[in-house]
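Reviewing the structure listed below.
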Amino acid sequence: MTRIFTALLAGIALAGTALALDSADSETSVTIIHAGHLIAVPGERVRNGASIIVRDGRIDSIEDGYVARDGAEIVDLTSHWVLPGLIDAHVHLLSERGPDSRIQPFTLSSADRAFIGTRHARRTLEAGFTTVQDVGGDLEAILALRNAIRNGDAVGPRMRVAGPSITPTGGHGDINGFNQRVIENFSSPGACNGPSDCARAVRSLIQAGVDTIKITATGGVLSNTAAGIEVQFMDDELRAIVQAAEMMGRRVTAHAHGVTGVNAFLAAGGHSIEHGTFLDNESIRLFRSSGAFLVPTVMAGEFVTLEAEADAPWMTPFQRAKALQVGPQMVDMLRRAHRGGVQIAFGTDSGVSRHGDNAREFELMVEAGMTPEQAIIAATINGARHLQMEGEIGRIAPGFHADIIAVDGNPLENISQLRDVDFVMAAGVIHKAP
C-alpha cells in the first residue's frame, strides 16, 4: 500500500511539472517584427533591416537582419518605417466638442461617459498613440476607463489621468453660464478657494487615485464666461497646490493662456504648462531655469479658430470671442518657445478637436519651425520624460514596453506620414496591421 501511495505521489508530481512547463510555454508569447527602417530612439541613427524581438509585452532584443525563432509570430514590416508608439500628453477621452456639449453634463451619467471614452480610446490607439495623459473630466468615469484598459477589459492607449481640474470657484473648469440653482448643484469637485481649501482639493483627488494634478491657472476659451484669459489663482493658492501635490508624489500641470498665469504658475514651482498662448521672454526664462515642459496643443487653437470663423452653433458668444483672441496666436507661440529652448512635449487637447486626428499636431509643429525629428522626439522621448515614464516608454529598447507603430513612408522627411499609421502594437498586442 505504501509503495502504491508513493508511486501515486510521484505521478502527481510529474504531472504537475508537465503542467507547469506547459503553462510557462503558453504564457511566453514571442513576436518578431521585421523592420525595414527602424527609428528605435528618435534623434539617433536609423537602422535599416532589423528585427525587434517582443516577449510577453516588452522588447526582448533588437538584432540586425531578419531573424526567426521557433514558434514566434513574424510580422513583416520590411517596407515600412517603424518607430515607438506615440505619446499625447493632453487629451479628454470622455467627450468631443459638438452641438450637444453644453447639455451633456446634465444628460450623461458617469457610466455613459466611460462607454463613450472607450470609443475615443480605440480611435486614439489606432491612430498610433499608445500612451495618453487625460487632463480633465468626470472622475469616476476616467478612473474606470483607465482601469478597464489597464486590466484588459477595454481597448485603448495606456492612460495617466488627472480627473477634474483644480479651479477657482467660477473659473475655467467650474460650471458657468447657467442659473444659480444649476450652478449650486453642479459646481466642480475641483473648485477651491484659499490655500488650505486648494490643498484639500489636491489631496482629495490623490485619494481617489489620480496620477497627476491639472489646474486651470487662467481663464479658458471654452468656459462660458467673460472672465478673460489671465491668471485666476492667487500666488499663495498656486504655491499650496504645488506643495500639496509634491508632498504626495504628484506633479502639477497648468492650463494657462495669459502670460500672468503662465509666469505665476512657473514661479510657484509648477511642472508644466498646457497651451501657453501668450508666453513672453520671462516665461521662457522660467521654463528653462525650472526645466518645466510646454505642451502646446496648437491644433486646439486651429480648431476653435475655424469653428468661430464658421459661426459654429455650439459656440456661445463668450467662447467665440475668446477663440478668435487665442486660437490664431498658437503657432507663433510655439515658434517663440522652440527658438527659446523650451522643452516641448506633444499634446493635442483632443476632445476639443476630433479624437483620432491627433497627428495633425505634428504638421502644425513643423509649421512652427520644428523639424520632423524634433516633433517626433516631443511625442516620444520628451513625452516619456514629461510623464516620468522615461524608463518604460518613448523608445524601442530592451526592457521597454513593446509600443510600436509603422508607416509606409519616411516621417523624418514628411511628417504627414504619421497621419496614416498602418501598424499599431501596444504592450505587445497588435491592434492594427497592414
Please evaluate residues His275 and Thr297 with respect to the criterion side chain to side chain donor-acceptor pair (under 3.5 Å), reporting the C-alpha separation (whole Å), side-chain torsions for both, the decisive distance (0.1 Å), and the verdict.
CA-CA 6 Å; His275 317 306; Thr297 69; 2.7 Å; yes
Run the side-chain hydrogen bond (donor to acceptor under 3.5 Å, both in side chains) test against Asp311 and tell me which residues pass, sequence neighbours left out.
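Arg320.
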Those residues that, when tested against Asp403, pass side-chain hydrogen bond (donor to acceptor under 3.5 Å, both in side chains) (two or more places apart):
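Partners of Asp403 under the side-chain hydrogen bond (donor to acceptor under 3.5 Å, both in side chains) test: Arg158.
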Does this structure show an ion pair linking Glu274 with Lys214, if we count only N-O contacts that are shorter than 4.0 Å?
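A salt bridge is absent here (no side-chain N lies under 4.0 Å from a carboxylate O).
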Under the salt bridge (Lys or Arg N to Asp or Glu O under 4.0 Å) rule, collect the residues that match up with Arg113, sequence neighbours excluded.
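Arg113 satisfies salt bridge (Lys or Arg N to Asp or Glu O under 4.0 Å) with no residue once adjacent residues are dropped.
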Are His338 and Gln374 linked by a side-chain donor-acceptor pair shorter than 3.5 Å?
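Yes, a side-chain donor-acceptor pair sits under 3.5 Å.
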If we ignore angles and hydrogens, is there a donor and acceptor under 3.5 Å between the side chains of His80 and Asp422?
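Per modelled atom types, His80 and Asp422 side chains form a pair under 3.5 Å.
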Under a 4.5 Å cut-off applied to non-hydrogen side-chain atoms, are [X] and [Y] in contact?
X      : Y      : result
His271 : Thr253 : no
Ile116 : Leu108 : yes
Asn410 : Gln417 : no
Ile376 : Ile415 : yes

Go through Asp76 and His34 one step at a time and tell me if the side chain to side chain donor-acceptor pair (under 3.5 Å) criterion holds.
CA-CA 5 Å; Asp76 183 2; His34 291 169; 5.5 Å; no
